[in-house]
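The basis for the numbers below is simple: all heavy atoms, side chains too, and nothing from hydrogens, waters or symmetry mates. Each ligand, and each atom within it, is numbered from 1 in the order the structure gives.
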Amino acid sequence: MHFHGFRAKDIFDGINWQALKNTGENMTQHRQLAEELIAEAEKQDGFRAGIAAIDEVLGGPSYKAVSVGNWKTNHSEKATPWLPDARSLLVLAMHHPENDPGLDWFDRGNTAGNRRMTKISEELGSWLFRSHGVRAQPLPYHVEKGGVYLKDAAVFAGLGVVGKNNLLLDRKWGPRVRLRAVLIKGRLPSGRPPEDFQPCQGCAMPCRKACPENAFALGQYDRPTCIQRLDSNRAHPIESGQRDSEGSPILVTEWCRSCEFACPVGEK
Ligand code: B12
């Protein structure tokens with residue numbers, strides 16, 4: 001891994017979990033809390049939610065993988081240390097429909113979709129504390145700033161599976177979702193990787209053919225090749241249709257979504 005910043009996993013590995021074990025009698029209460037929290041999140045239009053156990057996420061495939069290629073983000077975000085004694089994640093998936101491309105446009109250090117997810121994460125954290133006295137902390141997007149690998153988190157929360165396009169395929173919206181996680185103090189019962197949902201089985205994989213850079217040429221996702229396309233997207237911003245206070249057009253980055261849009265799974 002090439003990250004040199006803060007890594008939540010290092011802190012997590014140093015905690016004495018034996019001292020924090022849940023007692024059996026708390027479990028019913030915890031199950032009810034988890035269900036209420038998911039229901040609260042899913043009240044939001046275009047949202048699905050699940051709970052993942054942090055130890056499963058941190059032991060998942062993304063943490064074992066070596067990231068190749070150099071991706072420099074200009075996403076604005078502060079590094080945050082983790083809430084102590086947190087063992088669960090609320091994982092949120094927000095629909096990014098094809099007919100609302102603006103949600104994915106990168107402008108002034110962020111995207112509209114990500115801003116909305118951050119706001120809703122904060123509101124859910126406040127709701128949890130207000131109604132149940134449980135502390136929560138919305139996590140940053142970037143792993144090197146204290147975030148987690150979100151596709152793994154979504155799989156362990158039971159929201160979907162990782163498809164042949166290397167994206168999380170949500171049960172309802174396929175790959176057309178963006179993900180976010182909120183850290184929760186204590187341990188809540190978590191979801192499970194779905195076993196009854198295998199949407200890529202028998203698929204002709206149009207996602208892999210749709211890649212303009214042919215990043216799947218070697219039979220799996222090739223990060224450096226994909227990065228070339230996104231670097232080029234960044235170098236050629238498009239007009240958003242909006243103007244700044246001086247009347248100049250506001251330019252935004254439209255990231256490639258070819259492998260996402262070509263996927264036949266889920267609602268568009
Ligand atoms: C850095 C980054 C990028 C980089 C590098 C991508 C990469 N995959 O390495 C660049 C800029 C190239 C990129 C491109 C894209 N990204 Co990006 N990216 C991220 C970020 C910040 C970290 C991802 C990462 O470094 N992964 C680690 C590398 C080593 O692993 P990986 O390639 O992801 O593959 C792992 C998983 O697939 C997992 N996995 C595979 N099979 C299985 C099975 C199980 C059971 C489990 C648990 C896990 C698992 O293990 C693999 C490693 O072995 C995440 C946000 C986050 N905090 O997670 C968003 C994220 C993954 N990106 C996202 C998107 C949408 C994109 C793009 C479509 C561009 C766009 N329009 O935004 C493309 C798609 C590329 C693709 N097909 O994978 C979304 C994905 C949503 C979804 N439905 O899955 C995320 C979650 C951000 C978000 N806003 O929600 N991205």
Consider side-chain hydrogen bond (donor to acceptor under 3.5 Å, both in side chains). Of H96, E98, E260, H95, which one does R176 pass it with?
E98
Taking 4.0 Å as the limit for heavy-atom contacts, which would you say applies to V161 with ligand 1: side chain only, backbone only, both, or neither?
neither
Under 4.0 Å from ligand 1, counting heavy atoms only, is it the side chain of L230, its backbone, both or neither?
side chain
Any heavy atom of N114 under 4.0 Å from ligand 1? The part involved is neither
Between N214 and R208, do the side chains contain an N or O donor and an N or O acceptor separated by less than 3.5 Å?
no
Under 4.0 Å from one or more heavy atoms of W255, ligand 1 contributes atoms 70 (C), 71 (N)
Does the distance from a Lys or Arg side-chain N to an Asp or Glu carboxylate O, for E35 and R31, drop under 4.0 Å?
no
Should the proximity of V155 to ligand 1, defined as any heavy atom under 4.0 Å, be assigned to the side chain, the backbone, both, or neither?
side chain
Tell me whether ligand 1 is touched by P193 - counting only heavy atoms on the residue side and a distance under 4.0 Å.
no
Is S131 reaching over with its side chain to a backbone N or O of W127, donor-acceptor style, under 3.5 angstrom?
yes
So is G60 touching ligand 1 or not, going by heavy atoms under 4.0 Å?
no
Heavy atom of G147 under 4.0 Å from ligand 1?
no
Does H142 have a heavy atom less than 4.0 Å from any atom of ligand 1?
no
Give me the one residue out of R116, M117, M94 that meets side chain to side chain contact (heavy atoms under 4.5 Å, CB included) with L103.
M94
So do F156 and I51 actually touch side chain to side chain, heavy atoms under 4.5 Å?
no
Are a donor atom and an acceptor atom from the side chains of D152 and S62 found within less than 3.5 Å of each other?
yes
Within ligand 1, which atoms have a heavy atom of A65 less than 4.0 Å away?
29 (C), 52 (C), 53 (O)
